[in-house]
Amino acid sequence: MSLVQRASPSLPKLFGFAKRSFKSLRFPGEPLDPSSSPILSYGIHVFHAPDAVGIVAKLSDCIASKGGNILGASVFVPETKHVFYSRSEFIFDPIKWPRSEMDEDFHKLLTTYSAMRSVVRVPDHDPKYKICVLASKQDHCLVDLLHQWQEGRLPVDITCVISNHDRGPNTHVSRFLERHGIPYHYLQTTNADKREGEILELVQNTDFLVLARYMQILSGDFLKSYGKDVINIHHGLLPSFKGGNPSKQAFDAGVKLIGATSHFVTQELDAGPIIEQMVARVSHRDNLQSFVQKSENLEKQCLTKAIKSYCELRVLPYEDNKTVVF
């Protein structure tokens with residue numbers, strides 16, 4: 001995908017970056033500084049509209065007119081498409097620019113430019129995204145997500161974990177979930193019954209789903225009924241090494257480059273728009289155990305980064321099967 005980046009070294013002057021002391025800023029996750037006044041909040045806005053003259057100026061003016069300042073902005077216009085994408089990070093005084101008023105102001109821009117998407121998020125004030133994690137027998141991605149969540153490194157609330165594998169009451173995962181009050185639902189699946197109706201009931205109040213090595217295919221009917229995004233992770237050994245034990249197949253074949261891909265789930269198996277990819281080298285010094293460990297580490301890192309990118313509004317759909325990732 002060839003993109004034109006309109007951003008240039010002169011962009012900070014165009015947007016009028018803050019000249020005040022950064023001691024007054026509060027970024028997500030930072031403690032409050034009682035000596036700083038005012039306490040400014042951090043916001044993110046993404047915009048997708050038909051391309052037109054003046055959009056950048058209007059976006060900047062929308063923020064500046066309410067006393068906000070843009071910290072950074074990325075603008076992309078595909079060469080072959082008459083569309084505009086942007087992602088802006090800004091700071092503002094929530095007393096002078098209340099959250100509800102902010103929504104109204106950005107909605108006016110959506111109407112003015114007949115935009116396909118205009119989304120604003122204020123991480124310190126908006127509720128965290130609610131997710132459900134689906135997993136099968138393999139634990140590495142699930143365990144990593146749970147530990148990242150426990151440490152506050154994932155901007156989500158995990159409502160429940162669903163699995164087609166019965167982990168039992170005394171496993172590491174079960175004890176962790178019980179300790180943190182996260183429900184675990186074991187739904188045994190068969191080729192004839194994927195239990196999708198029950199899954200839909202359990203995930204009604206979620207914002208998106210995460211498949212952490214969930215080895216079941218979600219049907220088109222399920223995806224349509226759920227109506228929200230589903231993020232998947234898989235190793236990068238496909239399509240060359242299919243079936244059982246792909247890592248051993250790749251190891252025996254002398255593969256020297258391995259990877260992981262996180263993508264949105266569509267009806268086409270493992271072919272949804274890509275969010276994140278990672279690669280690592282292996283060599284003759286690796287045995288099968290280290291080969292597998294490197295592959296699993298990539299999957300964990302790739303899935304975590306994809307979830308963070310999604311929550312930070314860094315991913316926008318582009319055409320039918322592509323994404324713009326800021």
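Keep in mind it's a predicted model, so treat the numbers as computed, not measured. No hydrogens, no waters, no symmetry mates; every other heavy atom, side chains included, goes into these values.
Taking hydrophobic clusters as Ile, Leu, Val, Met, Phe, Trp and Tyr residues chained together by side-chain heavy-atom distances below 4.5 Å, L218 shares a cluster with V203. I158 and L209 are members of different hydrophobic clusters when ILVMFWY side chains are connected at heavy-atom separations under 4.5 Å. In terms of hydrophobic clustering, with Ile, Leu, Val, Met, Phe, Trp and Tyr side chains grouped at heavy-atom distances under 4.5 Å, V161 and L145 are assigned to a common cluster.
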*Verdict with supporting geometry, I70 and S60, side-chain contact (heavy atoms from CB on, under 4.5 Å)*: CA-CA 7 Å; I70 293 178; S60 177; 4.3 Å; yes
*Kindly indicate, with the supporting measurements, whether the criterion side-chain contact (heavy atoms from CB on, under 4.5 Å) is fulfilled by F47 and V119.*
CA-CA 7 Å; F47 199 65; V119 181; over 6 Å; no
*side-chain contact (heavy atoms from CB on, under 4.5 Å) assessment of E89 paired with R87*: CA-CA 7 Å; E89 299 181 29; R87 179 182 184 273; 2.6 Å; yes
*Begin with the C-alpha distance, continue with both residues' side-chain angles, and end with the deciding distance and a verdict on salt bridge (charged side-chain N to carboxylate O under 4.0 Å, His left out) for R195 and E198.*
CA-CA 6 Å; R195 312 289 290 273; E198 293 164 81; 2.4 Å; yes
*Step by step, would you call E276 with S309 a side chain to side chain donor-acceptor pair (under 3.5 Å)?*
CA-CA 9 Å; E276 184 60 56; S309 292; 4.8 Å; no
*salt bridge (charged side-chain N to carboxylate O under 4.0 Å, His left out) between K66 and D93: does it pass, once the steps are laid out?*
CA-CA 9 Å; K66 297 302 173 72; D93 184 342; over 6 Å; no
*asked:* If you apply the rule side chain to side chain donor-acceptor pair (under 3.5 Å), what do you find for T206 with Y226, and how did you get there?
replied: CA-CA 10 Å; T206 58; Y226 180 60; 2.7 Å; yes
*Evaluate the side-chain contact (heavy atoms from CB on, under 4.5 Å) criterion for residues L202 and L187: first the C-alpha distance (whole Å), next the side-chain angles of each, then the deciding distance (0.1 Å), finally the verdict.*
CA-CA 11 Å; L202 294 171; L187 299 178; 4.2 Å; yes
*side chain to side chain donor-acceptor pair (under 3.5 Å) between D144 and T304: does it pass, once the steps are laid out?*
CA-CA 8 Å; D144 184 69; T304 296; 3.2 Å; yes
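With values rounded to the nearest 0.5 angstrom, N232 atom CG is found 9.5 Å from C141 atom SG. Annotation: the span from L110 atom CG to D105 atom CG amounts to 13.0 Å, rounded to 0.5 Å. A distance of 8.0 Å separates CG of D193 from OG1 of T189, quoted to the nearest 0.5 Å. With rounding to the nearest 0.5 Å, the separation of OH in Y129 from CG in D229 is 10.0 Å. The line from CG of L200 to OG of S225 is 5.5 Å long, rounded to the nearest 0.5 Å. Taking OG1 from T323 and CZ from R314, the interatomic distance works out to 14.0 Å, rounded to the nearest 0.5 Å.
Put simply, the side chain of S65 gets close to the backbone of C62: a donor and an acceptor are under 3.5 Å apart. Side-chain atoms of S41 do not come within 3.5 Å of backbone N or O of F92 as any donor-acceptor pair. Without hydrogens or angle criteria, E196 side chain to S219 main chain gives a donor-acceptor distance under 3.5 Å. Under the 3.5 Å distance criterion, the side-chain polar atoms of R213 are left unmatched by any main-chain donor or acceptor of Q138.
Side chains of K128 and V156 form no contact here, defined as non-hydrogen atoms less than 4.5 Å apart. A 4.5 Å side-chain heavy-atom check between Y85 and R117 finds every atom pair outside the cut-off. You'll find the side chain of I233 stays beyond 4.5 Å of the side chain of L211, heavy atoms only. In this structure the side chain of D126 reaches within 4.5 angstrom of the side chain of R99, judged on heavy atoms. Taking the side chain as every heavy atom from C-beta outward, I55 and S86 never approach each other to under 4.5 Å. In this structure, the side chains of F222 and I199 come closer than 4.5 Å at one or more pairs of heavy atoms. Residues I63 and H45 have side chains not in contact (no heavy-atom distance under 4.5 Å, counting atoms from C-beta outward). For the pair S174/P169, no side-chain contact is recorded, criterion being any heavy-atom separation below 4.5 Å from C-beta on.
Checking S163 against R167 by side-chain atom types alone, a donor-acceptor pair falls below 3.5 Å. No side-chain N or O of S118 forms a donor-acceptor pair with one of Y113 less than 3.5 Å apart. Using modelled atom types, one finds no donor on one side chain facing an acceptor on the other under 3.5 Å when comparing D124 with Y42. N164 and S136 share a side-chain donor-acceptor pair at under 3.5 Å. Side-chain N/O atoms of S262 and Q277 include no donor and acceptor closer than 3.5 Å. Of the N and O atoms on the side chains of S290 and N287, at least one donor lies less than 3.5 Å from an acceptor on the other residue.
Every pair passing salt bridge (charged side-chain N to carboxylate O under 4.0 Å, His left out) that includes a residue from residues 248-260 is listed here, sequence neighbours excluded: K248-D252.
Checking each of T261, V315, N321 against I274 for a side chain to side chain contact (heavy atoms under 4.5 Å, CB included) leaves exactly one that passes, namely T261. Checking each of K294, H140, H235 against E299 for a side chain to side chain donor-acceptor pair (under 3.5 Å) leaves exactly one that passes, namely H140.
Salt bridge E312/R121: absent, no basic N to carboxylate O contact under 4.0 Å. The residues D207 and K228 are annotated as not salt-bridged, no charged nitrogen and carboxylate oxygen being separated by less than 4.0 angstrom.
Between F326 and F76, the gap from one ring centroid to the other is short of 6.0 Å. For F176 and H147, the ring centers sit closer than 6.0 Å to each other. Two rings, from Y184 and Y186, have their centers 6.0 Å or more apart.
Crowding of E101 atom CD: a count of heavy atoms from other residues, nucleotides or ligands under 6.0 Å exceeding 12. For I217, the CD1 atom sits in a loose shell: 12 or fewer heavy atoms of surrounding residues, nucleotides or ligands are nearer than 6.0 Å. Taking a 6.0 Å sphere around NZ of K194, one finds it holds more than 12 heavy atoms contributed by other residues, nucleotides or ligands. Taking a 6.0 Å sphere around CD of Q293, one finds it holds 12 or fewer heavy atoms contributed by other residues, nucleotides or ligands. For CG of L257, the number of neighbouring non-hydrogen atoms (other residues, nucleotides, ligands) closer than 6.0 Å is greater than 12.
With sequence neighbours excluded, no residue satisfies ring pair (Phe, Tyr, Trp, His ring centres under 6.0 Å) with H185. Scored by the salt bridge (charged side-chain N to carboxylate O under 4.0 Å, His left out) test, K137 finds no partners at all (sequence neighbours excluded).
Between W97 and F90, the angle of the ring planes lies from 30° to 60°, which puts this pair in the tilted group.
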